[in-house]
Participant: 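Encoded as structure tokens, here's the structure I'll be asking about.
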Protein chains: 2
Amino acid sequence: MDDLDRRILSVLQENNRLSFAELAELVGSSAASCMRRVNKLRSDKVIIADISLVDPKALGKSLTVVVTVELERERLDLVDEFKRAMRATKEVTQCYMVTGDADFVLHVVVEDVEAFDVFVKTKLYTNPNVRKFRSMIALDRVKFEPRVNV
Amino acid sequence: MDDLDRRILSVLQENNRLSFAELAELVGSSAASCMRRVNKLRSDKVIIADISLVDPKALGKSLTVVVTVELERERLDLVDEFKRAMRATKEVTQCYMVTGDADFVLHVVVEDVEAFDVFVKTKLYTNPNVRKFRSMIALDRVKFEPRVNV
DNA sequence: CGTGAAATTAGTTGACC
DNA sequence: GGTCAACTAATTTCACG
């Protein structure tokens, strides 16, 4: 993982549909080198996935809710159990374990408020590990540019 | 935007590196039809972007902080002003306007706590629109599968 | 909208410096 | 690591039904 890898990742996090020749031009290298590096970054799971980002506004029915969760956390294995449950729940598109006012922050993406109500009732109220949660309904996705600093 | 478009978007949100032949196979259509539709979805900005997702853990230095923000919101134009500021701030990778305990939820991605401190001082403390904010530092990105329901 | 063929471009491999 | 050549595969355009 050197500076060239980092420049490659920086570009691919904005656009992964460039040809290796175009990528090489942008990062100041050769197409062959870029291909080798990108393939390695993919097989090493530094690049987790290659996806299209879809505009929810273009589709109508899609509700995002940011949920903060506090756990009953005397037992560490309950934290792991909660993580597993979140990974297995399709409505949860993002989940972070955090410090501060909450233990976890979830992004829940559902069709509408009824679907969110079902989610809350089946995944949070019925979970004895969950002491408390707060829901913040997204009115506007002002910005969405997932990336990490490289 | 019909059911086939939705199936296409559903696949591309998981993997955008399939050939049109492979995509056609998965959604039950022809490669030519898939190509026409995908190109239209891109030009219509239903597909906002095509990107690689990078694992922050594989890179070391990358700190994510979820920040809730309350604004002084007597004036609606201050909300727009704040949105513009967030869109223009590179450390903010996600920004949602929400109902509930806060007015906005931010995802701030920086190198380390020092860089977060700089962000807080230059972008939040100095912003007279910001009444209050709370920071939750991400200890673990348990799940990250950005998508919308289609 | 689907098919198939042709032209173009991109991805991949291997040899070489 | 860079370059070149050769091969394979994908994309794109077009004609046709």
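When reading the values below, keep in mind they use all heavy atoms of this one structure, side chains included, and skip hydrogens, waters and symmetry mates. Remember, predicted model here, so these are calculated numbers, not experimental data.
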Participant: What is the distance from CG of B:L23 to C1' of D:dT11, rounded to the nearest Å?
Facilitator: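 The distance from CG of B:L23 to C1' of D:dT11 comes to 13 Å, rounded to the nearest Å.
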Participant: B:D50 and A:S52: side-chain donor and acceptor closer than 3.5 Å?
Facilitator: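 Yes.
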Participant: Is there a side-chain contact between A:S29 and the phosphate of D:dG2, meaning an N or O under 4.0 Å from OP1 or OP2?
Facilitator: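 So the side chain of A:S29 is within the cut-off, an N or O lying under 4.0 Å from OP1 or OP2 of D:dG2.
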Participant: Out of D:dA10, C:dT12, C:dG2, which nucleotide sits closest to the side chain of B:S30?
Facilitator: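 So the side chain of B:S30 is nearest to C:dG2.
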Participant: Using whole Å, what does the distance between atom C1' of nucleotide C:dT12 and atom CE of A:M35 come to?
Facilitator: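 Distance check: A:M35 CE to C:dT12 C1' gives 5 Å.
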Participant: Could you state the atom-to-atom distance from CZ of B:F20 to C1' of C:dT3 in whole Å?
Facilitator: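 Distance, rounded to whole Å: 17 Å.
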Participant: Could you tell me if the ring centre of A:F82 sits under 6.0 Å from that of A:F104?
Facilitator: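 Under 6.0 Å, so yes.
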Participant: Suppose we call two aromatic rings close when their centres sit under 6.0 Å apart. Are A:F133 and A:Y125 close by that rule?
Facilitator: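 Yes, they do, as the ring centres are separated by less than 6.0 Å.
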Participant: Using a heavy-atom cut-off of under 4.0 Å over every strand shown, decide if B:R37 touches base, sugar-phosphate, or nothing.
Facilitator: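 B:R37: backbone/sugar contact only, no base atoms under 4.0 Å.
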Participant: If each of B:A32 and A:A32 is mapped to the nucleotide of DNA chain C with the nearest heavy atom, which maps nearer the 5' terminus, i.e. the 5' end?
Facilitator: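 Final value for this comparison: B:A32.
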Participant: Is it true that A:D2 and A:R7 make a salt bridge, defined as a side-chain N closer than 4.0 Å to a carboxylate O?
Facilitator: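 Result for this pair is no, no salt bridge flagged.
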Participant: Rounding to an integer number of Å, can you tell me how far B:R17 CZ sits from D:dA9 C1'?
Facilitator: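 About 13 Å, once rounded to whole Å.
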Participant: Please pick, from C:dT12, D:dT3, D:dG2, the nucleotide with the shortest atom-to-atom distance to any side-chain atom of A:S33.
Facilitator: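 From the listed options, D:dG2 comes nearest.
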Participant: Please report the distance, rounded to the nearest Å, between CZ in B:R36 and C1' in C:dT3.
Facilitator: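 Rounded to the whole Å, the gap is 10 Å.
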